[in-house]
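Lettering follows sequence order; numbering is per chain, from 1.
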There are 2 protein chains.
Amino acid sequence: MTKTNDKPLLQPEELACFSLYSAANAMVRAYRPVLDTLDLTYPQYLAMLVLWNGDALNVKTLGERLHMDSGTTTPLLKRMEAKGLVLRERCKQDERSCIVRLTQSGKALKQQAFQIPEAMGEKIAISQEEGATLKHLCDKLHDGLVAHSD
Amino acid sequence: MTKTNDKPLLQPEELACFSLYSAANAMVRAYRPVLDTLDLTYPQYLAMLVLWNGDALNVKTLGERLHMDSGTTTPLLKRMEAKGLVLRERCKQDERSCIVRLTQSGKALKQQAFQIPEAMGEKIAISQEEGATLKHLCDKLHDGLVAHSD
DNA sequence: CGCAAGTTAATAGCGCTCAATTAATAACCA
DNA sequence: TGGTTATTAATTGAGCGCTATTAACTTGCG
């Protein structure tokens, strides 16, 4: 008698997807104490990086940059607005669109942000080259999954 | 006059951590429609992989295997218990410890699980070798971050 | 023009992740 | 033995991420 239950399934530790998942969680966890000094979470930090870089942009564009949809971005931006970092206002030309811009204190926070990459660098145990390889493979995996989802 | 605000900060798209973060989210998202056929979420699937592999184990051990703490595992296991997949009971020898074991229907679900790796394989756009490299780098990053957090 | 189709945010609800705290139990040791 | 310390789960509260739905608005087409 053949028992299908005896067939093996790979364990989490043997799966690349679990390693990816665990590494991403550990990375966000490692950012936390560093970002606490700016009172930002990791996704909020990503949004600030985009906003510090240039002018105001709408919610849709920001969401595309961060690979998030409106169910994630809207509450994220509301929490950032509640902290006084950003303003959200409807676009005059197209009332469907919501424009996000930094407040003065949001802009001012940039000064403190330069220390973040530095502090994180000390925690990262892989080389620059390994980091580049990791980035490349993550991007390739991501893009393939996104393309496949249409 | 030097304006620190003009100094550049890397954008999310340039950061390996963002690629890691986005790839992990995309991976969980890609698993969703596949795992929906078993009525499991991705973390629940990971827990089932461990449980299908062997005997009952306690919450702490399972949490260690999945790199989760009790604030994550306890509600996860309760939801799995509510679905009739597992039983949770206190260990007789050590009442602090909570033992998790599969129910019959939890064991039976294993039959359907063999299709998951297959279905996911079709969505993954990277080679086996790239996957192995990705896994290795994620593990190294993870282990380094965990070691650094002590 | 007027209505259908598309676009953009917002909302609701569920599950996950984490830090911090608490309670119960066990182990240790003076 | 009795009291301290350590271990194990559970709990709480906040934030994130997703799907599905809805509402407001714009565009395009007959």
### Which residues share a side chain to side chain donor-acceptor pair (under 3.5 Å) with B:Q11, sequence neighbours left out
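With sequence neighbours excluded, B:Q11 shows a side chain to side chain donor-acceptor pair (under 3.5 Å) to A:R65, given in chain and number order.
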### Residues forming a side chain to side chain donor-acceptor pair (under 3.5 Å) with A:D69, sequence neighbours excluded
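With neighbours one apart ignored, the set is empty.
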### Query
Heavy-atom distance under 4.5 Å between the side chains of B:M48 and B:L102, does that happen here?
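The answer is yes, as the side chains (C-beta and beyond) meet within the 4.5 Å cut-off.
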### Task
Could you identify which residues of residues 119-126 of chain A place a heavy atom less than 4.0 Å from some atom of DNA chain C, listed by residue number, or say none?
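The stretch gives none, as no residue of it lies under 4.0 Å from the strand.
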Going by salt bridge (charged side-chain N to carboxylate O under 4.0 Å, His left out), name the residues that satisfy it together with [X], two or more places apart in sequence or in a different chain.
X      : value
A:R79  : none
A:R101 : A:E89
A:E95  : none

Nucleotide [N], atom [atom2] - distance to [atom1] of [X] in whole Å:
X     : N      : atom1 : atom2 : value
A:Y31 : C:dA19 : OH    : P     : 16 Å
A:Q93 : C:dT8  : CD    : C1'   : 15 Å
A:L66 : D:dC16 : CG    : C1'   : 13 Å
B:R29 : D:dC16 : CZ    : C1'   : 13 Å
A:K92 : D:dA24 : NZ    : P     : 19 Å
B:D69 : D:dT8  : CG    : P     : 14 Å
A:K83 : D:dA14 : NZ    : P     : 13 Å
A:L40 : C:dC18 : CG    : C1'   : 17 Å

Tell me which donor-acceptor pairs under 3.5 Å the side chains of residues 39-47 of chain B have, and how far apart each pair is, sequence neighbours excluded?
residue, atom, partner, partner atom, Å
B:T41, OG1, B:Q44, N, 3.3
B:Y42, OH, A:F18, N, 3.4
B:Q44, OE1, B:T41, N, 3.2
B:Q44, OE1, B:K83, NZ, 2.7

### Query
Restricting to pairs with a member in residues 45-55 of chain B, which pass salt bridge (charged side-chain N to carboxylate O under 4.0 Å, His left out), not counting sequence neighbours?
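Listed by first then second residue: nothing to list.
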### Message
Counting primed atoms plus P, OP1 and OP2 as sugar-phosphate and everything else as base, spell out the protein contacts along nucleotides 9-15 of chain C at 4.0 Å heavy-atom distance: B, S or - for each nucleotide, 5' to 3'.
### Response
BBB---S
### Query
Would B:K135 and B:D139 pass as an ion pair if we require N to O under 4.0 Å?
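B:D139 and B:K135: salt-bridged.
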